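Chain identifiers are assigned alphabetically (A, B, ...) following the order of the sequence lines, protein sequences preceding nucleic acid strands; residue numbering begins at 1 within each chain. As the structure is a computational prediction, the values presented were derived from the model and not from experiment.
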Number of protein chains: 2
Amino acid sequence: MSIDHIVLGLISLNPCSGYDMKMEFEQGGAGMLSALSFGSIYPHLKQMEQDGLVAAVQADENGRRKKVYELTAQGWEELSDWLEQRPAYPIPMRDDLLLKMLFWGTAGEEREKLITHLQVRRTESNDLLNYIRDWQSNGKSFVDEYTELVLTYIQTRMEAELNWIEKAIEQLKGEPHLPVQDPHWLSVLQKARKNRALMREESTQEE
Amino acid sequence: MSIDHIVLGLISLNPCSGYDMKMEFEQGGAGMLSALSFGSIYPHLKQMEQDGLVAAVQADENGRRKKVYELTAQGWEELSDWLEQRPAYPIPMRDDLLLKMLFWGTAGEEREKLITHLQVRRTESNDLLNYIRDWQSNGKSFVDEYTELVLTYIQTRMEAELNWIEKAIEQLKGEPHLPVQDPHWLSVLQKARKNRALMREESTQEE
DNA sequence: TGCATCATGTAAAATGTTACATGATTGG
DNA sequence: CCAATCATGTAACATTTTACATGATGCA
């Protein structure tokens, strides 16, 4: 997969300009699956035009100069080739909240703070879920059978996340659990390690 | 969030070397949330040592030279600061399969091929799910209450995905649906656009 | 008139990956 | 003894974002 394929796909839905694409990423449906900046979009379009994948038509919409791109035969070809290729398995999502939770215990952070993080996430995910629900019946966007399946996927994923958040918050409001599995006694050693580091700091400052 | 924070977190779990971290990303639990290469890990560790966030101890494990890193007081501090900061909302996941589905209709691809893609994905996701289930009771890895919640999250997400795949395959085996929402008649215009592009190609070749 | 939005583009800076170089040790 | 794995590191390369430059139009 590459940016070029996403660009090709967007144009296949509807001929559009670089600016239109950016809007699609920021406010449209494509934004849920990818993000792209102007500094990336324009040079790519330029290159793709040189390669004969897309063709620009100088269009003037409401008197505003605009370069609207359409796919060439070669562009349709390339898009089709990509679609048929076996999709790459998604690379791990770098999720700040989850990553923090992984280290929450050893760093000895307060449970209350983590609950707050989860509540914030709940609000944000809920907003996004509502946005997607609106989106597929907003009367403006193109939604075919395949798009609908993608939207269902994202909704399902969001709903599963919200359920999990609810349960996680409930659990964290209760008493802390002991480690489930800790064959090397890391949770025990960890406190000593941290204290040692802090001690060393003190003695250095005393010098 | 940055790589430094992930590195700090990994060391907080257990003092380790650059090589250990890579292994953790490839085969351990951290790999589900992030990926990192040697070319990224080593320079970062070097920089972080200079900045006083970590300290290297020349350790020899089984006669093999090894640089094991431990957090300094400043390192613990920095980790703690990051953990308390409001987590960034995860950036859109660039999922090849979903992206392809978004463009499947306009490109006029065959439904059978998409079903195959979904079946492959089902197998891969199923393998990953089994791996995670094993992981939390493999007798080797550290799993505390927070880690367990993260693992539950990933499992929930995977199960939701597998359910969705099942339903999607069923639907695609049936008759195609008409677009749910298409205010600008894109699906109608699209065929003409593609044909026009292909025609132009032919006439060019004839010259 | 002046600010927000539309619209395109470039160059510098940041960031990360791939490929390579190096060398020790374990196990078949 | 030779291949695989352990282990660290660098430099070239690829890619992307950020910041900046430019200019037109709509509207208050």
Check your understanding: Should the ring pair Trp164(B) and Tyr153(A) be called parallel, tilted or perpendicular, given that the plane angle runs from 0 to 90° and is split at 30 and 60?
Key -> perpendicular
Exercise for review: Take atom NZ of Lys66(A) and atom C1' of dT25(D), then tell me their distance rounded to the nearest Å.
Suggested key: 13 Å
Point to revise | Whole-Å gap separating C1' (dT15(D)) and CD1 (Ile3(A)) | key: 8 Å
Revision key, fill the gap. To the nearest angstrom, the CZ-C1' distance between Arg65(B) and dA24(C) comes to 8 Å
Check your understanding: For dA7(C), does either OP1 or OP2 sit under 4.0 Å from a side-chain N or O belonging to Lys22(A)?
Key -> no
Practice item. Select one nucleotide: of dT8(D), dT16(D), dT17(C), the one nearest the side-chain heavy atoms of Leu36(B). Key: dT17(C)
Check your understanding: At under 4.0 Å, does any side-chain N or O of Lys67(B) touch on OP1 or OP2 of dG9(D)?
Key -> yes
**Study point:** Interatomic distance where CD1 belongs to Ile41(A) and C1' belongs to dT16(D) [whole Å]
**Key:** 12 Å
Study note, to complete from the structure: The answer to which of Ala35(A) and Pro43(B) contacts DNA chain D further toward the 5' end, by nearest nucleotide, is Pro43(B)
Check your understanding: Between Lys46(A) (NZ) and dG9(C) (C1'), how many Å, whole number?
Key -> 8 Å
Review point. Pick the nucleotide of DNA chain D nearest each of Gly39(B) and His44(A); which residue has the one closer to the 5' end?
Key: Gly39(B)
**Study point:** Phosphate OP1/OP2 of dT17(C): any Ser40(B) side-chain N/O under 4.0 Å
**Key:** yes
Exercise for review: Provide, to the nearest angstrom, the distance between the CD1 atom belonging to Ile91(A) and the C1' atom belonging to dT16(D).
Suggested key: 14 Å
Check your understanding: Sub-3.5 Å donor-acceptor pair from the side chain of Gln190(B) to the main-chain atoms of Thr106(B), do we have one?
Key -> yes
**Study point:** Tyr42(A) side-chain proximity, nearest of dG9(D), dT17(D), dT8(C)
**Key:** dT8(C)
Point to revise | Cationic N near anionic O, under 4.0 Å, Arg121(A) to Asp95(A) | key: yes
Practice item. Give a yes/no answer on whether the side chain of Ser17(B) brings an N or O atom under 4.0 Å of OP1 or OP2 in dT8(D). Key: yes
Check your understanding: Of the nucleotides dT10(D), dT8(C), dT10(C), which has the atom closest to the Tyr19(A) side chain?
Key -> dT8(C)
Practice item. Give the intermediate values and the outcome of side-chain contact (heavy atoms from CB on, under 4.5 Å) for residues Ser2(B) and His5(B). Key: CA-CA 5 Å; Ser2(B) 71; His5(B) 293 128; 3.3 Å; yes
Review point. For Met23(B) and dC6(D), what is the distance between atoms CE and P respectively, to the nearest whole Å?
Key: 6 Å
Practice item. Figure out the CZ/P separation between Phe25(A) and dT17(D), and round it to whole Å. Key: 10 Å
Exercise for review: Hey, can you tell me if Trp82(B) and Phe103(A) have their rings parallel, tilted or perpendicular (30° and 60° cut-offs)?
Suggested key: tilted
